[in-house]
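In what follows, chains carry the letters A, B, and so on, assigned in the order in which the sequence lines appear, proteins first and then strands, with residues in each chain numbered from 1.
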Protein chains: 2
Amino acid sequence: MGRRSLSRPEIVTAALRYVDQHGLEALSMRALAKEIGVYPTALYWHIGTKAQLVGAVTATVLDDIVLPADHELRWDEWLVEVARLCRQAMHRHPNLSPVIGSQLVVTTAALPLVERVLNVLERAGFTGRDLVDVYNAVAGFILGWVSLELASGPLDVEDDWQEEYAGQLRSVNPNAYPAMTRNMDLLAGNAFMTRWESGRVRPMDRSFEASLELLILGLRVKQERV
Amino acid sequence: MGRRSLSRPEIVTAALRYVDQHGLEALSMRALAKEIGVYPTALYWHIGTKAQLVGAVTATVLDDIVLPADHELRWDEWLVEVARLCRQAMHRHPNLSPVIGSQLVVTTAALPLVERVLNVLERAGFTGRDLVDVYNAVAGFILGWVSLELASGPLDVEDDWQEEYAGQLRSVNPNAYPAMTRNMDLLAGNAFMTRWESGRVRPMDRSFEASLELLILGLRVKQERV
DNA sequence: ACCTGAACACCGTTCAAGT
DNA sequence: ACCTGAACACCGTTCAAGT
């Protein structure tokens, strides 16, 4: 087939593009190989298994996050900025969010991010176990919240399940669900477990900012106590 | 084969047990059918596609959450309790957490939970858009954080990748990563992106409690402003 | 109504063989 | 060193056929 000089980065780039276009579940070694114009087994020589390929793809997404300088901003402003940047990076490749959200991130590509967040949290006065806890709060919130936001619908179901679920919600028993009924207009389609569209088509900007603000408020209170 | 009276709930129960034992990625219509002692295509008659089966399984997990009575506790105490109960439910079926974390939850089984949380947040004084935002903060934090905690390792990789990653972390350049180096003993294995074991084998109890406390602190501050 | 059995179009991965 | 080509043991799903 005259195909030559297949390289690791070339494969990873092609895989990311493929996932962006066709979804994570459509990614297969065979389909990707066909896209590149090579036999499936050629991929194995360069990147190993599919799991390793996906890991490499994830690393490139983390690598794309450019953090603001540390000392230009107050620690809390810096964290807000970083949270937004991470969210943006995840929104750029929404089909990859299940990997970030539910597989262990084991790549050194994440370490610069970890270092900078730790550094800023130390600057805010957190140390030792408190530092680790507060870091986990920040990282868990950002990565967890956004990957939940980007969750995709149940795949390969009929086309009308969205309208059906919307209908089910709106016709819920007002006696059994008074609080939901009172707030249905704001709730329907806009809140976790009462929506039928992914955050990739209907981003939850306002709620993300509000949630982030709550986290920062909590951090400020905790800081004063330390 | 003399198999009779195959029922929907029977299939769902068997599927949950299968996922608990063998993992989500091992679940296949064919394997489950063999386990039950029936032809794969028989399952389709009762539950439809695999996606629908997984949805039904998820619903049973949410159904298992028994919430405390509303008025026995202060609103903030109640939320802490509910967060712990949800986390426990997810820990009971860790192999299912990718579904909760990265697929839209579209089941009426979630609605009682939504209703009660909304009710308590209204009691705390939140209304309108603020109510929705604060609800999303709580739900997004709990579901997102815990599904991240329960993330599984990259599948079917060699046995020594855990030790290898642990080694990479500890031998990181102290000049490039001073904050990480200073806190390496507490960090390694215990924080998001610097761990190599899932929360199912190494639960992050302390950090969860601390993160939850931060959220509640933030909610209390916001409440005073409303 | 409920299940069988065959069939279709896929998978990931291994391995011997080529160049 | 790098890729081909065949092969193995799987998938989800459809559909005609049985009872």
Asker: Expressed as a whole number of angstroms, how long is the span from A/Arg8:CZ to D/dC2:C1'?
Answerer: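 So the two atoms are 16 Å apart, to the nearest Å.
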
Asker: Go through D/dT13, D/dT4, C/dT13 for me and flag the one nearest to the A/Thr49 side chain.
Answerer: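 Shortest atom-to-atom distance from the side chain points to C/dT13.
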
Asker: Any idea how B/Phe208 and B/Phe141 line up, ring-wise: parallel (<30°), tilted (30 to 60°), or perpendicular (>60°)?
Answerer: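 It falls in the parallel class, under 30°.
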
Asker: Identify the heavy atoms of B/Leu96 and B/Leu16 that sit nearest to each other, and give their distance.
Answerer: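 Nearest heavy atoms, B/Leu96 then B/Leu16: CD2-CD1, 4.1 Å.
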
Asker: Could you check how far NZ of B/Lys50 sits from C1' of D/dC10, rounded to whole Å?
Answerer: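 About 12 Å, once rounded to whole Å.
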
Asker: Are the side chain of B/Asn136 and the backbone of A/Phe192 linked by a donor-acceptor contact shorter than 3.5 Å?
Answerer: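 Confirmed, B/Asn136 side chain pairs with A/Phe192 backbone.
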
Asker: Please report the distance, rounded to the nearest Å, between CD1 in B/Ile36 and C1' in C/dC2.
Answerer: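 Those two atoms, CD1 and C1', are 15 Å apart.
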
Asker: Is there a side-chain polar atom (N or O) of B/His46 under 4.0 Å from OP1 or OP2 of C/dA1?
Answerer: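 Checking B/His46 against C/dA1: no side-chain N or O falls below 4.0 Å of OP1 or OP2.
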
Asker: Go through the steps for B/Ser28 and B/Arg30 under the test side-chain hydrogen bond (donor to acceptor under 3.5 Å, both in side chains), then give the verdict.
Answerer: CA-CA 5 Å; B/Ser28 76; B/Arg30 301 173 108 112; over 6 Å; no

Asker: Measuring from the side chain of B/Ser28 (C-beta onward, heavy atoms only), which nucleotide among D/dC11, C/dT13, D/dA1 has the closest atom?
Answerer: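 Given the options D/dC11, C/dT13, D/dA1, the side chain of B/Ser28 is closest to D/dC11.
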
Asker: Expressed in angstrom and rounded to an integer, what is the separation of A/Tyr18 atom OH from C/dC11 atom C1'?
Answerer: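 Distance, rounded to whole Å: 12 Å.
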
Asker: Tell whether B/Thr41 reaches the base of C/dG5 with its side chain through a donor-acceptor pair below 3.5 angstrom.
Answerer: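 Yes, the side chain and the base share a sub-3.5 Å donor-acceptor pair.
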
Asker: Please say which of B/Val105, B/Val114, B/Val106, B/Val132 ends up in a side-chain contact (heavy atoms from CB on, under 4.5 Å) with A/Thr194.
Answerer: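 Going through B/Val105, B/Val114, B/Val106, B/Val132 one by one, the side-chain contact (heavy atoms from CB on, under 4.5 Å) with A/Thr194 is satisfied by B/Val114 alone.
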
Asker: Could you check whether B/Arg206 and B/Asn190, counting side-chain N and O atoms only, form a donor-acceptor pair closer than 3.5 Å?
Answerer: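 B/Asn190 vs B/Arg206: no donor-acceptor pair found between side chains.
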
Asker: Between P on D/dC11 and OH on B/Tyr44, what's the gap in Å once rounded to a whole number?
Answerer: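 It works out to 11 Å between those atoms.
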
Asker: OP1 or OP2 of C/dC3 less than 4.0 angstrom from a side-chain nitrogen or oxygen of B/Tyr39, does that happen here?
Answerer: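 For C/dC3, OP1/OP2 do not have a side-chain N/O of B/Tyr39 under 4.0 Å.
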
Asker: How close or far is atom C1' of C/dC3 from atom CE of B/Met29, stated in whole angstroms?
Answerer: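 Interatomic distance, CE of B/Met29 to C1' of C/dC3: 14 Å.
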
Asker: Could you check whether A/Glu81 pairs with A/Arg84 (Lys NZ or Arg NE/NH1/NH2 to Asp/Glu carboxylate O, under 4.0 Å)?
Answerer: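 Salt bridge flag = yes for A/Arg84 with A/Glu81.
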
Asker: When the distance from CG of A/Leu43 to P of C/dT13 is rounded to whole Å, what number comes out?
Answerer: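 The answer, rounded to whole Å, is 11 Å.
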
Asker: For DNA chain C, report each stem as range with range, ordered by first number, or say none. Use Watson-Crick or G-U wobble pairs under 3.5 Å, at least 3 in a row.
Answerer: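 Stem segments, range with range: C:4-8 with D:12-16, C:12-16 with D:4-8.
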
Asker: Of the options D/dT4, C/dT4, D/dT13, whose atoms approach the side-chain atoms of B/Pro40 most closely?
Answerer: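 Closest nucleotide to the B/Pro40 side chain: D/dT13.
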
Asker: For the pair made of CZ in A/Arg30 and P in D/dG5, what is the distance, rounded to whole Å?
Answerer: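 Going from CZ in A/Arg30 over to P in D/dG5 covers 14 Å.
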
Asker: Give me the distance, rounded to whole Å, that separates C/dA9 from D/dA9 when you measure between the P atoms they each carry.
Answerer: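 It comes out at 22 Å once rounded to the nearest Å.
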
